[in-house]
A.B. asks: 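Pasting a structure below so you can have a look.
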Protein chains: 2
Amino acid sequence: MVTRTEGLISIDGLDGSLAQRVYRALRGGILDLTFNPGAVLRKGAICEQLGVSRSPVSEALARLSAEGLVDVIPQSTTRVSRFSMNEIREESFLREAVELAATVRVAVERTDDQLAQLSRNLRLQALLIEDRDFQGFFEADEAFHDLILGFTGFPNVAAVTTQMSLQVRRARMLILPEEGRLAETQDEHVAVLNAIRDRDADAACHAMSHHLRQLISRVEPLERMHPDYFRSH
Amino acid sequence: MVTRTEGLISIDGLDGSLAQRVYRALRGGILDLTFNPGAVLRKGAICEQLGVSRSPVSEALARLSAEGLVDVIPQSTTRVSRFSMNEIREESFLREAVELAATVRVAVERTDDQLAQLSRNLRLQALLIEDRDFQGFFEADEAFHDLILGFTGFPNVAAVTTQMSLQVRRARMLILPEEGRLAETQDEHVAVLNAIRDRDADAACHAMSHHLRQLISRVEPLERMHPDYFRSH
DNA sequence: ACCTCACAACTGGCATGTTAGTTGACAGGT
DNA sequence: ACCTGTCAACTAACATGCCAGTTGTGAGGT
């Protein structure tokens with residue numbers, strides 16, 4: 001096994017306690033696959049690289065462990081957790097449950113301003129597709145969903161939903177951007193928006209459900225494409 | 001279950017690392033209101049009482065802080081978090097979304113064995129009502145919901161659902177046990193069971209929704225009954 | 001009596017020393 | 001060549017020392 005120097009991360013520019021900064025830096029690195037699933041995280045190396053002592057790093061790793069983003073083997077090693085397709089299916093189920101409930105609620109009680117915000121987001125997505133800005137589209141896509149979750153009137157629902165589907169979000173990074181898929185995604189978003197515009201809760205629910213199931217169907221094949229990123233079972 | 005000694009807590013009888021034991025002990029104490037909302041948690045006192053050093057206690061408190069069960073004021077104090085009715089409403093929304101999705105799924109694809117398990121649980125509940133064992137009924141009630149969540153085939157859904165509605169679970173402890181309410185709750189459970197028996201997803205969804213909304217309607221008045229347990233805003 | 005401000009005591013955050021469990025390499029026997 | 005038992009090196013877990021920010025208190029001024 002060849003040891004590799006992992007991509008570098010930094011805690012500069014973040015605020016909060018050292019422990020929180022380390023946590024956010026590591027979490028970000030794990031979520032965007034800077035740290036590959038299965039990669040070993042050495043406390044000593046992290047301390048040296050970030051210029052902090054072991055205390056804040058330990059706290060950060062403990063939190064990541066509680067969230068399932070790292071696997072700690074006592075007295076031995078800490079690794080970035082590998083994917084489990086069952087876990088991903090589970091998270092998809094949870095995410096769909098919450099997003100559909102939010103979509104139904106928003107479809108019923110949306111305001112014109114909320115509709116305008118969603119519409120603006122979709123026009124931004126169209127621009128990003130034209131420019132083939134995959135990363136930008138990825139973020140706009142997330143923003144679209146977070147807008148709907150936020151329109152429930154519950155300020156933390158978006159964050160909680162993200163937190164409960166971290167593995168899905170991470171696995172999503174592995175999906176290769178395909179030209180045609182972006183336009184399809186856009187069409188699905190438009191269908192959701194139109195249903196919300198018409199205050200048609202049932203149509204909105206179906207459109208969102210269809211959209212979310214496109215994602216999981218694209219995640220399923222990843223287990224064969226990246227077997228080393230998945231737990232052997 | 002956390003063992004208690006004169007209002008204090010102990011980590012004896014738990015396994016895992018010291019940090020995990022401390023975490024579970026404190027979490028249990030917070031969830032069952034052994035520690036009142038707003039109570040100050042002193043690291044030094046906890047260390048002395050549990051006979052451990054500050055490291056595992058710090059890790060436990062950090063985790064509880066991330067979960068929103070404690071509020072840490074840097075360089076000052078750590079307190080058991082107070083309730084926020086908006087947060088409780090938010091958790092209820094999330095919980096309902098997940099439980100309804102689970103109920104629908106289970107109603108469609110239940111097995112006879114699963115039906116038998118639910119039925120056995122309800123007969124147990126009837127016994128506990130006869131004996132006026134409020135605590136036992138409380139736990140059987142939780143078990144009923146966890147059974148349904150588990151029957152989705154996703155082993156972690158029950159735990160995730162608990163985790164996302166910790167404040168609701170805690171607030172629920174404040175509801176005074178009333179004789180009649182137990183029987184009503186039991187009736188609602190029976191309605192859910194019957195709909196699942198008949199594989200009537202729509203009826204099961206409505207029955208569960210009605211049942212869950214009974215809970216939130218009983219939680220709402222708590223803000224006036226225990227103003228000191230709620231955040232002032 | 002009341003406000004102000006400085007200080008002492010206490011807190012949590014961070015660094016570092018110490019302990020104990022795991023692991024892999026290697027020597028020695030078969 | 002192949003097991004096998006031992007041990008050294010490494011790791012996370014825990015204990016403890018130190019520091020900086022917060023806060024209550026009380027002396028002194030108005």
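Each chain gets a letter, A, B and so on, in the order the sequences are listed, and its residues count up from 1.
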A.B. asks: How many Å lie between CG on Leu61(A) and P on dA13(D), as a whole number?
C.D. replies: 9 Å
A.B. asks: Between atom CG in Leu18(B) and atom P in dA20(C), what is the gap in whole Å?
C.D. replies: 12 Å
A.B. asks: Can you tell me the distance, in whole Å, between the CD atom of Glu48(B) and the P atom of dT11(C)?
C.D. replies: 12 Å
A.B. asks: Would Glu142(B) and Arg169(B) satisfy salt bridge (Lys or Arg N to Asp or Glu O under 4.0 Å), going step by step from the backbone distance to the final call?
C.D. replies: CA-CA 10 Å; Glu142(B) 264 195 330; Arg169(B) 190 189 187 286; 2.7 Å; yes
A.B. asks: Using a heavy-atom cut-off of 4.0 Å across all strands, would you classify Ser55(B) as base, sugar-phosphate, or nothing?
C.D. replies: base
A.B. asks: If you find the nucleotide of DNA chain C closest to Glu59(A) and the one closest to Ser76(A), which residue's nucleotide is nearer the 5' end?
C.D. replies: Glu59(A)
A.B. asks: Just compare dT16(C), dA15(D), dA13(D) and give me whichever is closest to any side-chain atom of Val52(B).
C.D. replies: dA15(D)
A.B. asks: Taking CZ from Arg21(B) and C1' from dA13(D), how many angstroms apart are they, rounded to a whole number?
C.D. replies: 12 Å
A.B. asks: With respect to Val22(A), which candidate in Leu64(A), Leu61(A), Leu50(A) satisfies the side-chain contact (heavy atoms from CB on, under 4.5 Å) definition?
C.D. replies: Leu50(A)
A.B. asks: In terms of the nearest nucleotide of DNA chain D, which residue is placed more toward the 5' end: Leu41(A) or Pro56(B)?
C.D. replies: Leu41(A)
A.B. asks: Gln75(A) has an atom CD; how far is it from atom C1' of dC14(D), in whole Å?
C.D. replies: 9 Å
A.B. asks: Using only side-chain N and O atoms of Lys43(B), determine if any of them is under 4.0 Å from OP1 or OP2 of dG13(C).
C.D. replies: yes
A.B. asks: Just the rounded figure in Å: distance from C1' of dG12(C) to CG of Leu64(B).
C.D. replies: 15 Å
A.B. asks: Contact class for Arg42(B) vs. all strands (heavy atom < 4.0 Å): base, sugar-phosphate, or nothing?
C.D. replies: sugar-phosphate
A.B. asks: Just the rounded figure in Å: distance from C1' of dC10(D) to CZ of Arg54(A).
C.D. replies: 13 Å
A.B. asks: Going by distance alone, is a donor N or O of one side chain under 3.5 Å from an acceptor N or O of the other, for His189(B) and Asn121(B)?
C.D. replies: no
A.B. asks: For Thr78(B), which contact category applies under a 4.0 Å heavy-atom criterion: base, sugar-phosphate, or nothing?
C.D. replies: sugar-phosphate
A.B. asks: Of Ser53(A) and Ile73(A), whose closest DNA chain C nucleotide lies nearer the 5' terminus?
C.D. replies: Ser53(A)
A.B. asks: In terms of side-chain heavy atoms, does Asn86(A) have a donor or acceptor partner in Ser84(A) at a distance below 3.5 Å?
C.D. replies: no
A.B. asks: For Leu50(B) and dC14(D), give me the distance from atom CG to atom P, rounded to whole Å.
C.D. replies: 13 Å
A.B. asks: Could you give me the CA-CA distance, side-chain angles and deciding distance for Leu41(A) and Val80(A), then say whether side-chain contact (heavy atoms from CB on, under 4.5 Å) is met?
C.D. replies: CA-CA 7 Å; Leu41(A) 294 178; Val80(A) 177; 4.0 Å; yes
